[in-house]
Amino acid sequence: MKSAARRGSYGVRRAPYLFLVPATVLFVLFFALPIGYAVWLSLRKVEVSGLGLGSGARKEVWAGLENYSGALSDSELLNGALRVLGYGCIVVPVMLGLALLFALMLDSEKVRLAPFTRLAIFLPYAVPGVVAALLWGFLYLPDVSPFHFVLDRLGLPQPDLLDGGPLYLALSNIAVWGGTGFNMIVIYTALRAIPAEVYEAAKLDGATPLQTALRIKIPMVAPSLVLTFFFSIIATLQVFNEPTTLKPLTNSVASTWSPLMKVYQDAFGKGDIHAAAAQATLIALATLVLSFGFLRAANRRNKQEAAR
């Protein structure tokens, strides 16, 4: 009896680890190994002897940090990072501001047709990014855009959204249109989790709906705002679909407009996979540092508020 009980307790202790096996295998195969292979490629380079012809003319050798130093001094990569920074300064605050506004409106007691409105706001997120960028691209083109036709009929100026400064607004609009719905659902779910007793106490104290939103709802959904901001930062640093899809429609989008486009161009356009691996590793490190730093600052602030 004792041996059977021991075997039963051992099986219970082992069960959680067995449930973790599938997730661990997938993590290793599709996350850890590709990252490790990319780091390995970034530390090597192709050495060409002579004219580069023949079986032994091209060989892979150890490069150390040479690819990383080349990436850090690459003006195209740095310019792409600056463009993404400007793009993010538009996308992140506008998208999160609209998501918070829509979530607060849907959580209001006076809202009508809430299920339909919630679905309508979320629906653009279900559209694939490439399809959304292509649709917006044709809406931006002066020759086929219905907006330009209406402006022409009204005698109003027709701005070219695919050239110069407006290009940032055009790209940002695609990201905001597609990502607001997802962030809204996250914030709205957090609002619905607030106990009804909190709202009843606010009403008894004479709080207006605006005061309730500013002093109760927004502070209580702060963790969701942090989460959506975290996701938005990662998505901004990894922008690729929108500029790549709009590139055939305008000459203002270079093949290295964003850092990931630069990685793609070096890897598959120039065939320099080792330099591309170093650039991709640097982008991943920058994303990790920014995300970790932001989460640490948010956690520190939460602890300070809890201590008060």
Side-chain angles (χ1 to χ4, degrees), residues 80-108 111 117-140 145 147 159-191 210 213-214 217-219 221-246 249-250 252-253 257-261 286-287 290-291 293-295 297-298 301:
L82 292 176
R83 283 190 287 264
V84 167
L85 178 62
Y87 166 84
C89 289
I90 300 174
V91 170
V92 176
V94 174
M95 182 167 58
L96 295 186
L98 288 176
L100 178 60
L101 177 62
F102 290 150
L104 291 173
M105 292 174 63
L106 288 173
D107 193 57
S108 174
V111 67
T117 305
R118 187 167 60 246
L119 178 62
I121 298 173
F122 177 77
L123 192 59
Y125 177 74
V127 179
V130 176
V131 176
L134 190 60
L135 291 175
W136 278 105
F138 281 108
L139 291 176
Y140 293 151
S145 173
F147 301 125
D160 187 359
L161 297 178
L162 295 178
D163 187 26
L167 177 63
Y168 285 86
L169 298 178
L171 290 170
S172 301
N173 173 65
I174 300 173
V176 170
W177 181 80
T180 299
F182 171 80
N183 294 315
M184 181 272 296
I185 289 295
V186 174
I187 299 172
Y188 177 74
T189 303
L191 286 172
L210 180 60
L214 295 177
K217 292 184 177 181
I218 294 179
V221 298
S224 297
L225 291 174
V226 171
L227 179 65
T228 53
F229 184 84
F230 175 72
F231 287 155
S232 300
I233 289 294
I234 294 177
T236 300
L237 293 174
Q238 298 177 352
V239 60
F240 180 82
N241 289 334
E242 293 86 353
T244 302
T245 305
L246 293 185
L249 305 180
T250 175
S252 299
V253 180
W257 191 89
S258 71
L260 281 187
M261 292 177 68
T287 305
L290 289 176
S291 303
F294 173 75
L295 289 178
R301 182 177 180 181

For [X] against [Y], the heavy-atom pair lying closest together:
X: Pro259; Y: Val84; value: CD-CG2, 3.3 Å
X: Leu96; Y: Ser232; value: CD2-OG, 3.7 Å
X: Pro93; Y: Gly88; value: CD-O, 3.6 Å
X: Ala213; Y: Pro219; value: O-CD, 4.4 Å
X: Val253; Y: Met261; value: CG1-CE, 4.3 Å

For the [atom1] atom of [X] and the [atom2] atom of [Y], what is their distance to the nearest 0.5 Å?
X: Leu246; Y: Asn241; atom1: CG; atom2: CG; answer: 10.5 Å
X: Leu249; Y: Trp136; atom1: CG; atom2: CH2; answer: 14.5 Å
X: Leu237; Y: Tyr87; atom1: CG; atom2: OH; answer: 10.5 Å
X: Leu139; Y: Ile174; atom1: CG; atom2: CD1; answer: 9.5 Å
X: Leu104; Y: Lys217; atom1: CG; atom2: NZ; answer: 6.0 Å
X: Met184; Y: Thr189; atom1: CE; atom2: OG1; answer: 9.0 Å

Close side-chain approach of Leu214 and Ile218, heavy atoms under 4.5 Å: yes

Within-4.5 Å side-chain heavy-atom neighbours: Leu167 and Trp257: yes

Check against side chain to side chain contact (heavy atoms under 4.5 Å, CB included), Ile187 and Leu225: CA-CA 7 Å; Ile187 299 172; Leu225 291 174; 3.5 Å; yes

Side chain to side chain contact (heavy atoms under 4.5 Å, CB included) partner of Met95, chosen from Thr236, Leu100, Asn183, Ile90: Asn183

Test applied, side chain to side chain contact (heavy atoms under 4.5 Å, CB included); reference residue, Thr180; option that passes from Val94, Leu101, Leu98: Leu98

Side chain to side chain contact (heavy atoms under 4.5 Å, CB included) partners of Leu134, counting only residues at least two apart: Phe138, Thr245

Those residues that, when tested against Leu227, pass side chain to side chain contact (heavy atoms under 4.5 Å, CB included) (two or more places apart): Val186, Phe231

Within residues 163-177 or reaching into it, pairs that qualify as side chain to side chain donor-acceptor pair (under 3.5 Å) - sequence neighbours excluded: Tyr140-Asn173, Asp163-Ser252

Qualifying salt bridge (Lys or Arg N to Asp or Glu O under 4.0 Å) pairs with a residue from residues 88-98, counting only residues at least two apart or across chains: none

Backbone of Ala190 reached by a side-chain donor or acceptor of Ser224 within 3.5 Å: no

Please list every donor-acceptor pair under 3.5 Å in which a side-chain atom of residues 117-125 meets a protein atom from a residue at least two apart or in another chain.
| residue | atom | partner | partner atom | Å |
| --- | --- | --- | --- | --- |
| Thr117 | OG1 | Leu113 | O | 2.8 |
| Arg118 | NH1 | Tyr188 | OH | 3.4 |

Ring pair (Phe, Tyr, Trp, His ring centres under 6.0 Å) involving Phe230 - partner list, sequence neighbours excluded: none

